[in-house]
Every structure is written in C-alpha cells, then in structure tokens.
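Computed from a predicted model, the values in this text were never measured in an experiment. As the structure lists them, so they are numbered: ligands from 1, and atoms in each ligand from 1.
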Amino acid sequence: LTPQDSKRRFSATPTLSTNVDDAAYAVHNCADPPSDSYEGHRRWNNLSVVSPSSDLLTVASSRRFSSTPDVLADLRGADCCQDEEDDRRQVIQQRRRGGSIRSLFPHLDSRPDDTPSPSGTSAAAAAVSSELSPSAAGVKVAVRIRPLVERELQTLASATAGSNSTVVSVSSDDPKTLLVHQPSTANILSFCFDHCLDSTNPKSETYADQNSVYEKVGLPLLDKCLAGYNCCLFAYGMTSSGKTHTVMGAPVGDDRGLLPRFLQDLFQGKEIIEDQCEQLQVDISYYEIYNERIHDLLAASHDKSLRKVSLKVREHPTKGPFVEGLSVYSNVRTYADVMTWLALGNKQRATASTDVNQVSSRSHTVCTLGLKKLRIVDDENKEQQQQQTATNTSSSASSVQLCISSRVNIVDLAGSERQSVAGTTGDRLREGSNINRSLLTLGKVISLLSERVANEAGVNSSAKKSNNQHIPYRESMLTWLLRDSLGGNSQTVMIATVSPAPQHIDETLSTLRYATKARSIVNLVRLCKRNWSGSSEAAVALAQDNARQALEISDLRDQLQACKRQAEELENWKLARLQAEAVKENCPAASSDTGSQTTPKLSATISTSPPVSAAVVNPAAPSTPLRHRQLSIVDGGCTASANLRRLSSTAAAG
Ligand SMILES: Nc1ncnc2c1ncn2[C@@H]1O[C@H](COP(=O)(O)OP(=O)(O)OP(=O)(O)O)[C@@H](O)[C@H]1O
C-alpha cells in the first residue's frame, strides 16, 4: 500500500480495509504521505482492519489518529485489548500460586533487542507487534529503614534509660521479610517485600548504603526505560522517614541519592549509545504539587511570583494527563547539565522546618525524563529502505528513525504528618492537611486497585460489586498525574521509607500496609518502541501537530463539561419553576404574595424563527443578570420546553 494507494482508499470509502499482515507495513510506512491523504486519514472515524481471510478483525472507531505510527498503535492496541484482562487475571492467579510471571508471558523473555529491526514487511510488523503486546508487571516495593535520628535517640534514651532499641528489622532468615516488634503487645508482625533495605547500622554487613539502594531499585528501572518502557519510582512514608534522602540525597559524594545516580548512569549509557551511531535524546521537566497547585520548578526567573504560577493539568487522548505549559528542557547533553537543572528545581521546591524535620518537604515533586532513542539513517541505508518499503520518505539529507520513546517519573512525595507530632500551625498546618488529603486519595486509589486485583483472583466475595468500581484518580492532582504509574502503562517501583523508632510504630505500620497493598497492583505495560522513519523536520512537525490536537481535545472536553453543567442548572431551574407553577395552580392565594416577587418570571415570546433566537443570544440589555430577565413561553407542550432549554443555554452563554 503506497501513499498513493492509501490516498485513493481514503478518499474513496470511509473504511480502510486491508490485509492485516500488510497493514503493519503499509500504515507504518505512511509517515510522510502527501498532505491531502494525511489530512484525510486524520479525520478518519471508522477504520477497520480485515484479516487475510476477510473476516473483520478489529474496528477502531471514532478515534483520532494524529499520526501514522499512532494509527498503527491504535489498531494493534485495539487488537491487544481483548487479551489484556485475561493476561492480568492469569498473572494474578500465577502470583497467588507463587509461580513466575515470565513463564506465563514468554514475550518478556523473548523481548526484542534494542537495536532497530531491519526494514521490511515482516520485520516492521514484528517490531510493531512487540511494541503493542501488553505484559503484566506487578508494582515492585522496596522498604528502607533509616537510622535513628538525634531526636529519636534522645526520646529513647529518656524513656528506656539509655536503650537505643529499634522496632523494625529485616529477618535474618529471609532478606525479603521485614519484622516489626510491637512493644505494647510483644507481637512480631512480618511483611514480605521485593527488597528490604536496612540502613540502620552502617557497621552491619547487610547495611544498605545509597549505592546499594540504587543498584537494587534504580538500576533495573534504567534498563527498563532504555528498553522502551515507561517507568515510575515513588518514595512514600511518614514525614522525616528518609524519602528525600533516598531519592535526592546529597548533590555529590557517596551520599548522592537514587536520582543523581540514575542520571549519571543514564548519561553514561547515552555516550555508549552515541558511539553506536544512535542518539539518545533526554528531556527533563520538574514540578511540584503544592497545596493542590502545580508549580514549574525549572521556571528560572528573577521574579519570584512568575516561578510560582499555578499550571493546569490536561488530558492527552493517548498519553494521558500532562501539565500544560510546563518547561521541558530538551536534549540535555551531559550529566553536569542535568544536575544543574535538578539543583535549580530543588532550590525552588517548597520546604520548611517542622518539629520532626528541619528540612521538611511541603510538596510532592515529580521529575520527568523523556527518552528518545534515534537512529541516523545514512543515504545508502535510506535508499535500501525506500526500495524495500516503497516508502516516499522525505528528501531531507538527515533522516532519523525513532526507535524507542519512554518516560520516567521520579516522585518524592511529601510525608504524611500528625499535627500533634509535627507541631504545625498556620501555613504549615494548611500544607500538612493538603499533603495528608492527597496521600489519602493515593491510599484510596492503591486500596481500590489492590481490591480489583483480589477480585480478579477470586479472593473477595464481593467481586462483582467492586470490580467495576471507579478509581478516583481525579480526586487529587497527585493521583491524576500518576494515573499511568498506578494500574496503567508503567513499570513502577515504590520505596516505602520507615523510621525504626518505637514512637513512630503506628505510622510505620500504616506505611507497611499501604506498601503491601501497592505490591498487589498489576500494571499492564507496553513497550514504547517505535520504528518510525522520517526526516527530523517531519518528526518535529508531527510532534507539534500531536501537541496541538491534544490541546484542542482538552479544550473541547472542558467546553463539554461546562455545557453539561449549564444544562443541569437549567434543568433544575425548570423543575423549580414547574413546581412553583403547580403550587400556584393548587393554591393561588399563597403564591400570589411571594411567587411574583421571588420566582424569576419569563416574559418573552419564543418561536423557532431565527430573529427571536438571535434576539435571545444578543439581548438588547445584556447587563441585566440572567436570573432577572423575563422570558415567557407562549408556545405550549413539548416543543416549548425543548426550545426553552436550548435557548436558555444560549442566553446563559451570552
Ligand atoms: N538512610 C539514611 N541515613 C542517614 N540519614 C538519613 C537516612 N534517611 C534519612 N536520614 C536523615 O533523616 C532526616 C529526615 O530525612 P528526609 O528529609 O529525607 O525525610 P523525608 O521523609 O523526606 O521527610 P519529609 O516528608 O518531611 O520531607 C534527614 O536529616 C536525613 O538526613
């Protein structure tokens, strides 16, 4: 299927029907078709793929296809969707039996390597199909116990005459089991996690320093994102439990946290990749969620007020929620550069001193890295490809292939805090309650997702009831923005940080319970591997086009919501009016005193003729508030009420 063919088909019929084996190849290679056919398919509403035996395989209807790779992704995605739930169920059941996920999903083992596949029909189809096969990945959970801090040592010393006993430890029999000794009951509770990192005693053989935390938790994520998976790591725990120390740590030296180490290895990896005639493009953005408002932490301005402008969250139709207007620093070249951005962001982050932490984070921070692996195609290769794929790619001299694109979110959450312990008042108290509220929503989301998993595994008796339960992602900015990381398309790791001090045992147990629930969440991950060819100019144009359309859709959604709200208000108003009229009819004396005064009365003539509609849209005296404007319906019955609703909403908009 050449671009000319596709043009013919697009203009001839509203349905694209093609042999499915060729579809991957054909649609894939339409990256730069003539503009009219390109426009044509973008407006497509019904797109069908017919299997070789001419049975209808999948119909992707009413979808927006902004680019050719997206068309393909959507097609294959629709195809894969049918198996997703089965996959998820299988994994959960396998988990319960203690089996290996890999044995269930052989494609995890036979994952295509990172080198772009050679061009050609079957190779392109294979690459695309691997890109879109979802695989199940449980959220991994690591727990880190920090050492006792000065304040805790003092409390312990005064309470137990010099003892520095701790109540949380890693089992000596099983490094994945965490033990909590409850002093009040002398019970020992045990919890099982993917990693238990004991940082209480630097002299211990099993001491988990910053490097071993990175190697156990961060390094596997680096591998994943370089292979094209979206990744997320978030640190969760009570205030002062060591989240920022774990994620950020010191800017230099052995105490550097997980993020600087991750970035260092990423940029080392970038050098290696670039030695192999490929490019790794790294983009960075960094923002905080403070009191449910989003601030760009990389907005460098001398004017402080400009730095704290509140940004909006929007919803991209395929990529999910994103922060509109956030600075993204593209193509960061070196580790030193990225650390400069990180330092700027950390400087601008909201922190304050509380009774339990001298430098307590008052906001959740999200550092997002966008990775794109590009391959430069030389002229010789390009010609070969053009022959093989019969693609009319751009005539630009520098041609690029986008092989992999993934996103990494590193999240340092603000810690939950009890006002009595943190000793907060005023602004700090308000911040604390906002932090707690968003963490509560996070907890709710985690609980519901883990319930869903339990239901699917048949553990809950009320399976049917809560299986379709709404997950309230939108109840807080945090969960909305982390939606993909919780139950979506992301390899996710949670680091739960705890204090070993007896006085914090309640918070510790609460953190461990949340962590246990989070560990039961199973995400469905897709390899974000693309085999997209085109000129660099075309790539930029495509990206801009995608972004513009995303904004358009987001705006239209907002408008739709506003219209719905208006319609509801009008419906309520109509009901109230009908009730008032009913009262008046039944009891004219009672209503004659008050009704004419308080109920907005309508005294205009409605007809369906255009001049009247126009008059309502543009009333002569628009300064009169709508509720005082008089509008009456001369026409009777259903027609009148339908007209009333439509015209009133127009008037309200006016
Ligand atoms: N593993 C560790 N080793 C040594 N010191 C640590 C460790 N973890 C935390 N600390 C120390 O504990 C204190 C609190 O840590 P941190 O600020 O990282 O907590 P937090 O969980 O981020 O708190 P908040 O939620 O209030 O921001 C700091 O002084 C930090 O240096």
Side-chain angles (χ1 to χ4, degrees), residues 142-155 164 166 168-170 195-204 206-218 233-261 288-290 345-346 349-367 410-419 421-424 427-429 431-439 442 478 494-501 503-504 507-508 510-512 514-515:
V143 174
R144 185 180 198 189
I145 321 166
R146 70 148 164 74
L148 290 165
V149 292
E150 197 50 43
R151 174 182 40 82
E152 293 166 342
L153 283 168
Q154 280 169 13
T155 314
N164 67 349
T166 54
V168 191
S169 60
V170 179
H195 302 284
C196 294
L197 307 160
D198 187 351
S199 302
T200 47
N201 180 8
K203 290 184 187 138
S204 148
T206 52
Y207 176 71
D209 62 7
Q210 295 282 65
N211 191 47
S212 56
V213 172
Y214 166 67
E215 282 185 351
K216 290 215 168 88
V217 181
L233 178 141
F234 65 99
Y236 179 93
M238 67 166 274
T239 180
S240 181
S241 57
K243 298 179 292 295
T244 307
H245 180 85
T246 300
V247 173
M248 224 49 88
V252 287
D254 288 347
D255 253 354
R256 276 177 320 142
L258 194 142
L259 181 54
R261 286 169 195 272
E288 68 174 355
I289 306 171
Y290 173 77
N346 288 338
R349 180 181 188 180
T351 57
S353 173
T354 67
D355 284 1
V356 283
N357 193 356
Q358 268 205 327
V359 191
S360 175
S361 312
R362 313 312 290 162
S363 62
H364 311 299
T365 57
V366 182
C367 175
I410 308 273
V411 186
D412 180 10
L413 297 174
S416 55
E417 59 190 30
R418 278 192 289 166
Q419 188 271 334
V421 178
T424 47
D427 279 355
R428 300 293 84 81
L429 180 61
E431 290 161 0
S433 58
N434 271 308
I435 292 167
N436 288 347
R437 200 172 315 134
S438 62
L439 290 174
L442 177 66
L478 177 68
M494 170 183 185
I495 296 194
T497 52
V498 294
S499 153
Q503 66 260 43
H504 296 311
E507 287 90 344
T508 297
S510 155
T511 300
L512 296 178
Y514 271 136

Which one holds for [X] and ligand 1: side chain close, backbone close, both close, or neither close, with close meaning a heavy atom under 4.0 Å?
X    : result
T244 : both
R144 : side chain
P147 : side chain

To the nearest 0.5 Å, what is the distance between [atom1] on [X] and [atom2] on [Y]?
X    : Y    : atom1 : atom2 : result
L413 : L442 : CG    : CG    : 6.5 Å
N201 : S169 : CG    : OG    : 12.5 Å
R256 : Y214 : CZ    : OH    : 9.5 Å

Any chance the side chains of T497 and T246 put a donor and an acceptor closer than 3.5 Å?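 Not at all, the side chains of T497 and T246 share no donor-acceptor pair under 3.5 Å.
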Can an N or O of [X] be found at a distance shorter than 3.5 Å from an N or O of ligand 1?
X    : result
S361 : yes
S241 : yes
T497 : no
A414 : no
G242 : yes

Which of the numbered atoms in ligand 1 are below 4.0 angstrom from a heavy atom of [X]?
X    : result
G415 : 25 (O)
M238 : 21 (O)
V149 : 12 (O)

What's the verdict on side-chain contact (heavy atoms from CB on, under 4.5 Å) for R146 and S499, showing C-alpha distance, side-chain angles and the deciding distance? CA-CA 6 Å; R146 70 148 164 74; S499 153; 3.6 Å; yes
Side chain to side chain, R144 and V213, heavy atoms closer than 4.5 Å: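 The answer is yes, as the side chains (C-beta and beyond) meet within the 4.5 Å cut-off.
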Quick check: does any side chain N or O of [X] sit under 3.5 Å from a backbone N or O of [Y], one acting as donor and the other as acceptor?
X    : Y    : answer
T508 : H504 : yes
E507 : V498 : no
Q154 : R151 : no

Of the listed options (H245, K243, R362, M248), which comes nearest to atom 25 (O) of ligand 1 when hydrogens are ignored and any heavy atom counts?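 The option holding the nearest heavy atom is K243.
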Ligand 1 contacted by S240 (non-hydrogen, < 4.0 Å):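 Heavy atoms of S240 do come under 4.0 Å of ligand 1.
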